[in-house]
Amino acid sequence: MTLAASSGRARAAMAGSIRIGALLPLTGAGGPFGPSMAALHKQIVDQVNAAGGIEGQRVEYSFEDDQTNPDAAVLGVRKLIDVNKVCAVMGLWSSGVAAPTLPICAENKVVMVAIAASDSLALQKHDGYFFRSNVDVGQQGEAIGNWALKQGGKSLFGLLAQNPFSEPMRLGLVNTIQPKGMKAETIVYDGRRTDFRAEVGQALQAKPDILFLGGYPQDSIIIMKEVFRAGYGGKIVGTGTCVTQQFLDGVGKQVSEGIYTVRPSSAVGSPAYKNLQKLTGKTDLDTNVCQSYDQINLVLLAIAQAKQATGTAVRDNMRKIGDPNGEKVDNVLDGLKLIAAGKSINYEGAASPCKFTPTGNLVSAIFETLRVADGKLTPG
Amino acid sequence: MLQVFQLLVNGVMAGAILAVPAIGFNIVFAVLQISNFSIAALIAVGAYAGYTANVLLGLPPLLAILAAFLISGAAGVASDRLALRPLRGYGAIAVAIASLALNMVLENIVRFIFGNDVRSLDVPMMRDWIFEGIHVGPQAVFNFLVAIAAMVALFSLLSFTTVGRAMRAVADNPTLANIKGIDPEKMARLAVFLGMGMAGIAGVLLALDTAVDPTIGMRVVLSVFAAAVLGGLGSIPGAVVGGLLIGLAEQLSTLVVPVAYSSAIGFAAIILALLLFPRGILGDR
Amino acid sequence: MISYLVALLTFGAIYALLALGLNLMWGIAGMVNLGILGYYALGGYSSALLTMHLGIPVWLGVIAGALITALFGAATCIGLVKLRDDYLAIVTLGFAEVMRNIAENFVSLTNGTDGLAQIPRPRLGVTGSDFNVVYLVICVMVVLVVLAAMERLRAAPFGRVLRALRADPMVAASAGKNVLGFQVRTLAVGGFVLGLGGALYAHYLTYISPEVFQPQLMIYVFLALILGGRGNNYGAVLGTVLVLAIVEGTRFLADLVHGLDAVQIGALRAFVIGVAFIVVLQKRPHGLLPEPRRIYTDPAARS
Amino acid sequence: MAGMGALAGKRVVGSDSWTSSESILTVRDLHCSFGGVKAVNGASFSVQRGAITGIIGPNGAGKTTLFNIIAGSVKPARGAIFLEGRNVAGLRADQLAALGLTRTFQLARSLGDLTVLENFALYARDQPGESLWRALVGSQSVVAQEKAVLDQAWELARRLNLVRVANDRVETLSGGQKKLVELGRALLGEPSLLLLDEPIAGVNPTLGAEIGKHLLAIRDSGVSILVIEHNMSFIGRICDHVIVMGAGSVLAEGSFEEIRANEAVQSAYLGMSA
């Protein structure tokens, strides 16, 4: 009786479509990352719709090109909220796009699930509408620092592209290794250039045991080629953002051999990650794709859990679908079935376990170390 | 001291490659009196033409460079004809602004076809040669030589051939050249072809040295403008001098300021230089 | 739809200020300036920092930001006036690049690429979408005031001198006009208007970062001015509206296209915008509104 | 006191006396070169007050450069220029204009975008409406001054027979009309010394004669004139004194008749119709 009544109410509330959106960089500095994220979002929405939608309602997905630029982002998010009537906005790769759009989302009671790393985002007043699928950058720095300490060298040199990730990453790294007696030097460079000889020259002059790459694939490819040509003999480690398939293809097998990456993962080999590998047909997945997968799954499951497609409902149910006592779920279809059956679920994602602090940051992250062998990332 | 020498070597190598599109920019300016900012996109067109020839068709780098020269040159002429020529009567700045819009069009044609992914050309990676502690990369030397060869070929064309002399005559005095029976429109087309062809060559050289993506032209174009202006707009020897000076300034500045500032250094340098030489170092116009 | 339009119009009003400032500098006085975003950013950063760190009211910060930019405009003029058009174009372009570089790297002041977030909004006594509407009204009023002021300057003997400078500075000097003096004043006033735009932008978005230096915006502003009619202040505003219509119109066009991947849609949109600009320039090279000309009546004929 | 000053002036009359009340402009030993070519090479002369002084000489004699130096557009390498007894070498063109020295250009540098009236009005001195602040705020004085300036401009248009085209943009006018515009706007600044660079070059003879008459009338109203011109009959008709330049310095000076009889001048002009 009660069940039927409640689902009847939910039906009424769910009349019409479920509308969700994404703000993604298709052009501008983030251009290389946005397209695969959009493609994945669409793929999952199509799956859900093919399986009958949520509570019998179709999911409508819209995305806007933020051009990696704040003005376009503000107009884009206004269009998504106002014209497309979305209840959640995903994507938000760059901080320059997330920072001015977060107040708009919060004001309109629309959930934002962002990748952007800037610390200040979570500290903004957002009434709980902000969630970040990306691992805290400081933690990434610490993880790389801990890996470096294990390698046992005397000094590390970091090359970081000037972006919102660079400073927290640098602090996490330096504060981890310096107290343990390992020397850490870093330089921050302008990633929009094509010539990094001076940067590489400065790095190699310090004769570091470990070289750390903390840029985007575009600039890191050029830097890595330069490092190879200069005949650097030490160990090289890059962030997950840097050492991607694109990076490996760009530098070629000869140059990439033996490079390490320490990156956040709910573990390669986690069910979600494997599922995503199957979905995309790729063995190696960069963090943006993994996060996009988590973003859309979280939003869709939260809607299903709430039986309501509003921003406030998504906000209030985001943590309920990560019930530690619930049944573990790695994909949206299984999750929807369980929810429809009235069961409690625990979604664990492809990039992280997807448990959030009150400010919207991830509680903790697991890191994995991979090593490039013959052009492929292998557990190292 | 060793470090300074290394930076000097790097600066000359980088400067020679900057000089190639700077010459392209200046040759167009000399004949048409127009700043064609779409040169950034034509660098990208050249880089992708080179990529197509080298990776997709399997041609060696030198043929890829030739292909880039022809395709960027042709794309330059076609886009100039369609987009810019109808505007020439309305002032140089109007055309320059239109060329910024044209740049957007061309860059996005490239993006539409090839996507945003970063790609590399198919050339073997070689370790640097080390002379007395100075690193010199074989690829960089190859690129340097190609840049020099391209410049020498262009100089020869302008100095020793009838058509080259005719083009210089138009650059010096269009009315007089017209009286002598030289068709200025034809010379304009040739200048755009050669200039944008040079941009295409630079695109492949950058691609060989680094990697290709649709923004490759935008990444270097400010340094190219700086080189062109510093040497003197419309001056071809000026572009060479300007390219070398900008290349050196960007490298040597890293001795005193953080590397992240090096692109600003190039421009700060030219602003200072232009206070002394308001028409550029070798400019006479 | 309403709040999207409100946002669009607010950006339109802010960009109109850019076009009006540029019209004074380039349209009327003939000094080409591809570094307008440098002034815009300076106004935005100044006002943001003053209101965040000194806690001064937003309206005062906006005025202070505009004044700082005006001073800066006057200062930059001294080095730039010697240069001829084409040199000026490229040097000012690079000049904005230097400022972007500083905004990215002078982290202790500008917070680097993170940008300044949570810039205070003015207290208007309303919140939510009402705030946006009120803010739009304020921006539109600022545009109207600036438009009126620019029209006064253009029509006054001051404007006559500027047009003479545009035509031939040597003649203006022989007419007894202090060329540098007029150019400094022009860049100061133009800088004020650009800085005002930047400050209004920063307090609207509550965020400013080095990404304000987007080359497209500079291109859009120039195209707006050429499209509306160089030298015509009404044209500057009209051109801004048209450019925004073209740019944002393609956003909806993209929804209609099927069978392309996301990059291709993004590229197609930028392509269409570029082509639209070129076509409109070719069809209307003198812009929609001609430069206004004053017809005087002969006092003898009148009496 | 004024009488005393005039007397004092009379006492020092002499050929190189730059304090003379009879000469409004004195140039001494001017030098200027461009890229190794000495365009002006030790030129010295005086311009009499209230008279028309002609400068003649073959092309390349340095006449226009001399004008550019006197008017403040080009800086001399060395030499002195005295305007009304005051050394003005190194002043900017606009500062000289404020002192009453106005020039025209050889190739009509009309402000083509501006109308005839605007061209005239531009040259009026001390306009409060040119102050940024007053232009913005507006005031009675600005309105009144602008009306006065325009009345003057119309008056001038009438005198120069330009009323019909007064509201036309100058670039739409004929070459002769442009010359008249140049002359007219120079007058609106109420100059005490007028430098005219080839005022009738490319002008039909009828209009040339008319311009000559205007110049005589201007002289009679008390304005001193220094004029470069190649047309010898024009020079003969209007000039009170003629200076001959060659290779950057003064070859001879005197009345037109004296100059015509001078053999050095003949040889300098060999091949040119005198």
Side-chain angles (χ1 to χ4, degrees), chain A residues 24-29 31-32 34-39 41-42 62-65 67-84 94-104 107-108 117-121 123-125 161-168 188 190-191, chain C residues 1-8 10-12 14-15 97 100-101 104-105 107 111-119 121 127-129 131-132 201-202 204-217 220 244 247-248 250-252 254-255 260-270:
Chain A
L24 297 162
L26 304 183
T27 52
S36 55
M37 296 160 66
H41 283 163
K42 265 194 196 153
S62 324
F63 70 89
E64 283 296 322
D65 180 7
Q67 298 168 27
T68 330
N69 134 19
D71 298 16
V74 167
L75 285 172
V77 84
R78 290 264 182 220
K79 189 203 159 212
L80 287 174
I81 293 174
D82 214 34
V83 180
N84 303 109
S94 91
S95 299
V97 160
T101 48
L102 177 54
I104 297 172
E107 202 175 275
N108 290 285
S118 172
D119 276 352
S120 59
L121 281 171
L123 304 175
Q124 281 197 29
K125 184 182 165 300
Q162 175 66 274
N163 62 38
F165 300 75
S166 52
E167 190 54 19
V188 175
D190 180 352
Chain C
M1 196 65 194
I2 297 297
S3 78
Y4 170 68
L5 278 179
V6 168
L8 191 56
T10 309
F11 277 112
I14 291 167
Y15 296 163
E97 177 67 9
R100 183 187 63 77
N101 205 294
E104 277 187 357
N105 291 295
V107 179
N111 205 24
T113 41
D114 255 7
L116 299 168
Q118 293 181 284
I119 299 168
R121 287 185 148 190
T127 51
S129 55
F131 173 89
N132 293 324
Y201 169 85
Y204 174 61
L205 247 67
T206 69
Y207 174 74
I208 190 166
S209 74
E211 287 172 66
V212 296
F213 292 94
Q214 5 151 359
Q216 293 114 306
L217 180 55
Y220 292 168
L244 267 189
V247 171
E248 286 302 309
T250 56
R251 196 185 279 283
F252 293 89
D255 288 350
L260 295 177
D261 69 29
V263 186
Q264 288 178 319
I265 290 173
L268 187 64
R269 184 175 167 214

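So you know, we letter chains A, B, ... as the sequences are listed, proteins then strands, and number each from 1.
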*Taking A/Asp65 for the side chain and C/Gly266 for the main chain, is one N or O donor matched with an acceptor at less than 3.5 Å?*
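Here the side-chain-to-backbone pair does not exist.
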
What part of [X] gets within 4.5 angstrom of chain A, counting heavy atoms only: side chain, backbone, both, or neither?
| X | answer |
| --- | --- |
| C/Ser3 | both |
| C/Phe213 | neither |
| C/Asn111 | neither |
| C/Tyr207 | side chain |

Taking every non-hydrogen pair under 4.5 Å, which of [options] racks up the most with chain A?
| options | result |
| --- | --- |
| C/Phe11, C/Phe131, C/Tyr204, C/Tyr201 | C/Phe11 |
| C/Thr10, C/Asn101, C/Ile14, C/Asn105 | C/Asn105 |
| C/Val6, C/Val212, C/Ile265, C/Leu205 | C/Leu205 |

Contact origin within [X] toward chain C - heavy atom pairs under 4.5 Å:
| X | result |
| --- | --- |
| A/Phe63 | side chain |
| A/Gln67 | side chain |
| A/Leu123 | backbone |

*Check whether any side-chain heavy atom of A/Ser94 lies under 4.5 Å from a side-chain heavy atom of C/Glu211, and answer yes or no.*
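The answer is yes; the side chains approach within 4.5 Å.
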
Just so I understand: if I count every heavy-atom pair under 4.5 Å between each of [options] and chain C, which residue has the most?
| options | result |
| --- | --- |
| A/Pro100, A/Pro35, A/Ser95 | A/Pro100 |
| A/Gly34, A/Ala39, A/Pro70 | A/Pro70 |
| A/Pro103, A/Ala38, A/Gly76, A/Ser166 | A/Gly76 |

*asked:* With rounding to the nearest 0.5 angstrom, report the CG to CG distance, C/Asp114 to A/Leu121.
replied: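 The distance works out to 8.0 Å.
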
_Could you go through A/Glu167 and C/Val107, starting from their C-alpha distance and side-chain angles, then the distance that decides it, and tell me whether this counts as side chain to side chain contact (heavy atoms under 4.5 Å, CB included)?_
CA-CA 10 Å; A/Glu167 190 54 19; C/Val107 179; 5.8 Å; no

*With sequence neighbours excluded, what pairs up with C/Gln214 under the side chain to side chain contact (heavy atoms under 4.5 Å, CB included) test?*
A/Asn69, A/Asp71, C/Gln216, C/Leu217

_So, using side chain to side chain contact (heavy atoms under 4.5 Å, CB included) as the criterion, who are the partners of C/Glu104 when residues are at least two apart?_
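Per chain and number, C/Glu104 pairs via side chain to side chain contact (heavy atoms under 4.5 Å, CB included) with A/Gln162, A/Arg192, C/Arg100, C/Thr113, C/Pro210.
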
*Could you please spell out the steps behind the side chain to side chain contact (heavy atoms under 4.5 Å, CB included) verdict for A/Arg78 and C/Asn132?*
CA-CA 12 Å; A/Arg78 290 264 182 220; C/Asn132 293 324; 3.2 Å; yes

